[in-house]
Every structure is written in C-alpha cells, then in structure tokens.
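Worksheet: one structure, shown below.
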Amino acid sequence: MKKSFQFRIYPNKNQEVVLNRTLSTCRHLYNDSLAERKRQAEMNELVRSFGVFSWGKPEWINYYDQANRLPKSKTAYQKEVHFHVLQNTLKRVERSFKNFFKGAGYPRFQGRNRYNSFTFPESGFKIKDEKLILSKIGSIKIILHREIEGQIKTCTIKKDIDQWYVTFSCEIDRPMNSVEIKTKTGIDVGLKSLLTMSNGSQIEPPEFLRASEDKLTQEQRRLSRKKLRSQNRNNQRIIVAKVHRTIRNQRKDFAHKTSRMLVDQYDYIVFEDLQIQNMMANHHLAKSISDAGWSQLINFTKSKAEYAGKVVELVNPKGTSQTCICGCSVPKDLSMRVHNCPHCGLKLGRDHMSAIVIESRSTVGTTGIYACQGTQRSINAAGSSSSFRGE
Ligand SMILES: [Zn+2]
C-alpha cells in the first residue's frame, strides 16, 4: 500500500539557487526530449503522407533511447544533477506521451512557472537529524511534523512560488484487516461544492473557501488589466498564484477533514466514478471544475479507507440524477432541485435521491442484507419528512 508524506523544507539562499538551477536543468531536458520526439513524429507523418521513402517503417523514440544516450551527451549543467533525477525527467516525458495515447492532451513544452518539481526515484536522498540530505544539492533543514511510515520509495522536491516542499512516496507493508461492513452510504458530489449522503445529511465546504474563491476572481480581473510583459503584471501574477495556493491548501485541508470524517463514520462508501463521467461527453464547465476538487476528496477517502480496512466503491454515474429508486426514469434539468416520482410518488431533494441511487448501484448494495435495509431506511426517513423546501 502506498502513502505520501509531505513536509516543508527550508533551503538557505545558496541552496535555493542550486534547487532553482536543478529545476531549470530538468525543465530544459524535458523540453529538449519532448522536441526530439515531436520531430520524430513529424518525420513519421511525412513518411506516411508521401509513402515513397525507402526507409519505410516509422521509427519511434522511446524512453530507453533517450535514457541510454544521456550519459554520453550530458551537458555541464546536467553533470551537476543526480543522474536518477535526469532519468526521472525523461520518464515524465514518456508518461506524458502515454497519457496522450490514452486520450489526454498532447504533451506541452513547460514554461518556467509551470515546471516546478523534480524527483529522486530511488536514491540520492537521506534524512538525518532534521536535515534532508540531497545528492549534489546539500543538507536542507526539514521539519518532520509527523512520522514517516513504511519504506521511502521516491523523494520529490517541489517549488510552490516562494516555498519548497518534499514529498516522500512510501510503501507500507502491513497486514490489512478488513472491517465488517455495518454502515454504508452513497455520496452525491454536487456542483456547488456540496456533499449529500444517502441519509439526506449534507456537508458544506467552509465559508472561508468561498471567500478565497471570490478574492481569486477579483485578483484575476486585476491581472487581465495589467499591461503585457510589464513588471506590474508579473507582480500581479505572483499575487494570483499565491491566492491559488491558499485555495489549494484550503481545499486540501477540507478534503482531508471530510474524508477522515467519512471513513470514521462509514465502513462502505459509494461515489460516482468521475472519470467515466468525464468521458460521457459532459461539457458542463462548472461541473468539470468542481470535479477536480472532488477527485482529490475521493482519492483521500480511498486511501484512508484502505488504511482502515474499509471499502470505497466507484459506480457508473450514468443518469444517477434522472432515476428513481423504484427503477423509473424521472428526467430533471439542472434547475429542478426536487425529485418527484410520478410512478411511486416518492418526493425527495434531488441530490438526496442521487445519493440513494448511487448507493444502490454498489455491488454490495444489490446483494448485501444490510445495504437494502440501509436504502429502505433512508427512503422512509426522507419520505416521512414534510419540511423539504419546494413542497
Ligand atoms: Zn419512483
């Protein structure tokens, strides 16, 4: 089982220069390797379109071609960087192409502000006496606010505007005891950052998260008014990036707390599979943005559940908001907040209904005894309440 641990590190001025230089070297290597592959791809395209070249079959450059060449072709800058870090950079190029072939966007050249991390994939790092010792960089002050569990596999250094972080990805080897499933819930993740459980209860994100999001809109508007390539614009860009960081941290914190609460409360948690959802030609922009936050919550819930011997299941999201638990289809557009089934007469909040449908789609939901009772109970509870808005 994999688990990550992130810590802040405090490089001194000189170390920061070296860290920045390492980032820059990796970024150039990344872009050069990408360019080489791109040229090759264009060449292949040419061969294919004319079909007259004698050398025939297209040749592709892969990770091994580039990695094997690296030791001999190292530049002066590259010699200053741990070899595995360079290799890992080439692996990233490989991965971005693999993702592309799986349907992600074409690999992009990385600008100075975009490329912000490098990884020691197996060796070249060590922790000793509150110091992180990095090969060819030095020993940097680190604050270990929590204990690292398991065996450290990789060490990634990340720059976040003016702060530096290290993430250790660890392999934890311990027996997993599955918990007996006694409590279960389906969860509908809503457009407006709202979670709805199949018992009808809801979790709202903290108010300050909304406030930061408003601030972001405001600062972004200011950025768009600054003159291109001016110093003012660059300063504003940093302000925007910092608001982004605040929101990212607040969201992450919310996701950690919420997932902790869910896993403490339930043994079996059912979400919609957002990846399938995105493939289902869902071009609703606001939805796809909120999904980005939800993926984090779902991933956190998954790993905490795994750690606790509990289960998270992702089910097909097709039509979860358009179906009644009686099996009938009840079409609703986004503005309709109430589910009102003309067949069985069930009347419920839209999100509440979706959560129940999501729970009913789980594999345990259809066969498990408890699960049926659970669903039944939530319907009864909801059915008897008459205080629902919109009635
Ligand atoms: Zn119905």
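What's counted below: heavy atoms across the whole structure, side chains too, no hydrogens, waters or symmetry copies. In each ligand, atom 1 is the first atom listed, and ligand 1 is the first ligand listed. These numbers were taken from a predicted model, which means no experiment stands behind them.
Within 6.0 Å of OH in Tyr77 there are 12 or fewer heavy atoms belonging to other residues, nucleotides or ligands.
Residue contact annotation: Cys328 places no N/O/S atom under 2.8 Å from the Zn ion (ligand 1). The Zn ion (ligand 1) lies under 2.8 Å from an N, O or S atom belonging to Cys326.
Rounding to 10 degrees, one finds that the Zn ion (ligand 1) sits at the corner of an angle of 110° between Cys341 SG and Cys344 SG.
The closest side-chain donor-acceptor pair between Ser230 and Asn232, if any, does not fall under 3.5 angstrom.
Between the side chain of Arg27 and the backbone N or O of Gln110, at least one donor-acceptor pair lies under 3.5 Å.
Taking the six-membered ring for Trp and the full ring otherwise, His256 and Phe300 have centroids separated by under 6.0 Å.
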